[in-house]
Amino acid sequence: MAKNEWGTSMYPLVPGHEIVGEVTEVGSKVEKFKVGDKVGVGCMVGSCHSCDSCNNDLENYCPKMILTYSTKYHDGTTTYGGYSDNMVTDEHFVVRIPDNLPLDAAAPLLCAGITVYSPLRFFNLDKPGMHVGVVGLGGLGHVAVKFAKAMGVKVTVISTSPKKKQEALEHLGADSFLVSRDQDEMQAAMGTMDGVIDTVSAMHPILPLISLLKTQGKLVLVGAPEKPLELPVFPLLMGRKIVGGSCIGGMKETQEMIDFAAKNNITADIEVISMDYVNTAMERLLKTDVRYRFVIDIGNTMKS
């Protein structure tokens with residue numbers, strides 16, 4: 001969004017859509033929160049509240065959904081995100097952060113966490129004993145492994161190189177590791193997975209991922225490549241396979257995800273930085289030099 005790669009950015013732009021902090025003030029009609037509560041705001045701050053999606057707790061699919069930054073709010077002003085000293089939001093779009101979750105390591109769950117939790121639940125890939133592949137071990141992928149393991153699912157991490165094998169197996173607790181460029185490994189894993197969660201936002205072939213699925217398996221895309229991917233149809237027909245997509249989650253499910261994370265001690269792996277380090281962090285992101293999320297400590301940046 002900062003570079004307008006999706007073509008929708010509005011400048012001046014204040015990014016940040018995984019925001020946590022404490023309530024400092026509440027309006028007279030606020031019922032859910034009080035001063036001092038630990039809370040979070042994710043990717044959206046508004047919706048129409050009257051369409052089918054809103055009525056089914058799927059505000060994230062509302063045609064009038066208002067993003068946390070770089071869109072127009074109900075009153076015509078531009079929304080600004082979490083790289084700011086404070087945030088004012090409608091209570092409906094605020095989640096409660098349980099006391100046992102550290103604020104800094106819980107923050108990325110508000111986008112990365114719900115983005116992988118929601119498809120695991122919706123596509124029924126959350127049953128103990130199932131086998132799910134996770135493509136890409138970045139900000140989304142590493143929490144996908146943690147959520148799936150907490151659900152009792154067998155997890156295989158799929159990556160283009162063996163560099164992250166030890167990290168996936170020993171640190172994150174994945175059951176196996178697959179190098180997608182290794183033809184022999186991919187051949188051996190054909191038809192073994194109930195589902196694959198694809199978190200990659202770069203251009204990549206999806207035919208090899210479809211071949212990993214069992215009959216009636218599901219490939220769910222949650223990354224957002226800039227250009228269209230090529231979808232071969234015959235491999236879908238020969239096995240009644242599904243290619244689907246999923247985008248964050250509604251407020252009810254986001255709260256459910258945060259509560260599940262607290263119960264299972266799931267947090268993101270983070271590197272905390274101060275605000276004056278942001279430009280350097282952006283450069284490091286381009287080189288994928290972070291495990292796995294930078295978190296800006298705005299409160300302490302302001303104090304110093």
Inset, instruction - Starting at CD of E18, measure out to CZ of F294 and round the result to the nearest 0.5 Å. - result: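 Nearest 0.5 Å value for the CD-CZ distance: 13.5 Å.
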Inset, instruction - Kindly give the heavy-atom pair with the smallest separation between Y11 and M1, and that separation in Å. - result: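 Minimum heavy-atom separation between Y11 and M1: OH-O, 3.7 Å.
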Inset, instruction - Let me know which of L172, T199, I158 forms a side-chain contact (heavy atoms from CB on, under 4.5 Å) with L137. - result: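 Only match with L137 under side-chain contact (heavy atoms from CB on, under 4.5 Å): L172.
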Polar side-chain atom of [X] near backbone of [Y] as donor-acceptor pair, under 3.5 Å:
| X | Y | answer |
| --- | --- | --- |
| D194 | H131 | yes |
| R284 | D289 | yes |
| T89 | V45 | no |
| E91 | E31 | yes |
| E59 | M65 | no |
| N264 | I266 | no |
| S70 | M10 | yes |
| Y117 | I258 | no |
| D37 | K34 | yes |

Inset, instruction - On the 0 to 90° scale, with breaks at 30° and 60°, tag the H17-Y69 ring pair as parallel, tilted or perpendicular. - result: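 If you compare the ring of H17 with that of Y69, the planes turn out parallel.
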Inset, instruction - Find out whether K241 and L219 are in side-chain contact, i.e. whether some heavy atom of one side chain is under 4.5 Å from a heavy atom of the other. - result: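 No. Closest side-chain heavy atoms not under 4.5 Å.
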Inset, instruction - Check ring-ring contact (aromatic ring centres under 6.0 Å, His included) between Y292 and all other residues, then give those that pass, not counting sequence neighbours. - result: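 For Y292, the residues satisfying ring-ring contact (aromatic ring centres under 6.0 Å, His included) (neighbours in sequence not counted) are H142.
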